[in-house]
Amino acid sequence: GENVEQHPSTLSVQEGDSAVIKCTYSDSASNYFPWYKQELGKGPQLIIDIRSNVGEKKDQRIAVTLNKTAKHFSLHITETQPEDSAVYFCAASKGSNYQLIWGAGTKLIIKP
Amino acid sequence: GAVVSQHPSWVICKSGTSVKIECRSLDFQATTMFWYRQFPKQSLMLMATSNEGSKATYEQGVEKDKFLINHASLTLSTLTVTSAHPEDSSFYICSAPNLGGGNEQFFGPGTRLTVL
């Protein structure tokens, strides 16, 4: 079945620097790739997503890129701030059943 | 964006008792909702898909008689953990896709269950 791998598991960056989290997926039929931010004790929050007909999407300091040929997608956060510290999950889905296949998560630590 | 609520946010119960968790879509209708559980420092694990007007679909390894799901209306799904045991202690999260907005799924704030 579909598998999503996410790296790194932990990422520590200096405040103001950029952070990049990468995911690869196995099912070439996947066509929707969301990124979620989860703070401690809370549910995941959708921060950005991308569909298979788009190569890049940007929303202020956050961007996502998709390489369908290589079957990988990445989250880019620029000018990181302390409030960006959280666990980030990538996911993939296909078709109309809305089921998400999740990556293992990346704990992002922003150092002051 | 769409809002999904969960109640309660946390619950502590004795071993052997049953606990009900509610998941509501506040500003949209959800014919489908998903129930996840999450252990500390782990990813979300899909337990079951809740379908309004029909039986829930459970993932492999999830006991349907232990985790009862009822999708009572287009805005409410409930998960009942029956005869709870300490190993059922976890963070339970529901989500609902906004059918009018594409594939996006919106998550509830989660329910922390602790079984003593």
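Quick note on labels: first sequence line is chain A, next is B, and so on, each numbered from 1. Values in this document were obtained by computation on a predicted structure and should not be read as measured data. Reckoned from all heavy atoms, side chains included, excluding hydrogens, waters and symmetry mates.
By the criterion of side-chain heavy atoms lying less than 4.5 angstrom apart, applied directly or through intervening Ile, Leu, Val, Met, Phe, Trp or Tyr residues, A:Ile48 is grouped together with A:Tyr25 in one hydrophobic cluster. By the rule that hydrophobic residues join a cluster once side-chain heavy atoms approach within less than 4.5 Å of another member, B:Phe34 and A:Leu100 end up as members of one cluster. Placement of A:Phe73 and A:Val20 in two distinct hydrophobic clusters is found when ILVMFWY residues are connected by side-chain heavy-atom separations under 4.5 Å, directly or transitively. Hydrophobic clustering, with ILVMFWY side chains joined whenever heavy atoms are under 4.5 angstrom apart, groups A:Ile62 together with A:Trp35. Cluster membership for B:Ile21 and B:Val62, using ILVMFWY side-chain heavy atoms within less than 4.5 angstrom, is shared.
Sparse packing is recorded around CG of A:Leu40, with 12 or fewer heavy atoms of other residues, nucleotides or ligands lying under 6.0 Å away. The number of heavy atoms from other shown groups lying within 6.0 Å of CD (A:Glu79) does not exceed 12. B:Glu87 CD: more than 12 foreign heavy atoms inside a 6.0 Å radius.
Contacts of A:Gln38 with chain B are made by side-chain atoms alone, with heavy-atom separations under 4.5 Å and no backbone atom involved. Proximity to chain A (any heavy atom under 4.5 Å) is shown, for B:Leu44, by both the backbone and the side chain. Neither the backbone nor the side chain of A:Ile101 comes within contact range of chain B; no heavy atoms are under 4.5 Å apart. Residue contact with chain A, scored on non-hydrogen atoms closer than 4.5 Å, is absent for B:Gln6.
For the atom pair CD (A:Gln99) and OG1 (B:Thr49), the distance works out to 4.5 Å, reported to the nearest 0.5 Å. Taken from OH in A:Tyr36 to OG in B:Ser43, the straight-line distance is 12.0 Å, to the nearest 0.5 Å.
Between chain B and the residues A:Pro34, A:Ser9, A:Ala91, A:Ala104, the most heavy-atom pairs under 4.5 angstrom are made by A:Ala104. Chosen from A:Gly41, A:Pro44, A:Gly105, the residue pairing most often with chain B at heavy-atom distances under 4.5 Å is A:Pro44.
B:Phe107 has its ring centre less than 6.0 Å from the ring centre of A:Trp102.
Between A:Phe89 and B:Gln38, the shortest heavy-atom contact is CZ-NE2, 3.7 Å.
Counting heavy atoms from C-beta outward, B:Gln105 and A:Leu46 have side chains that stay 4.5 Å or more apart.
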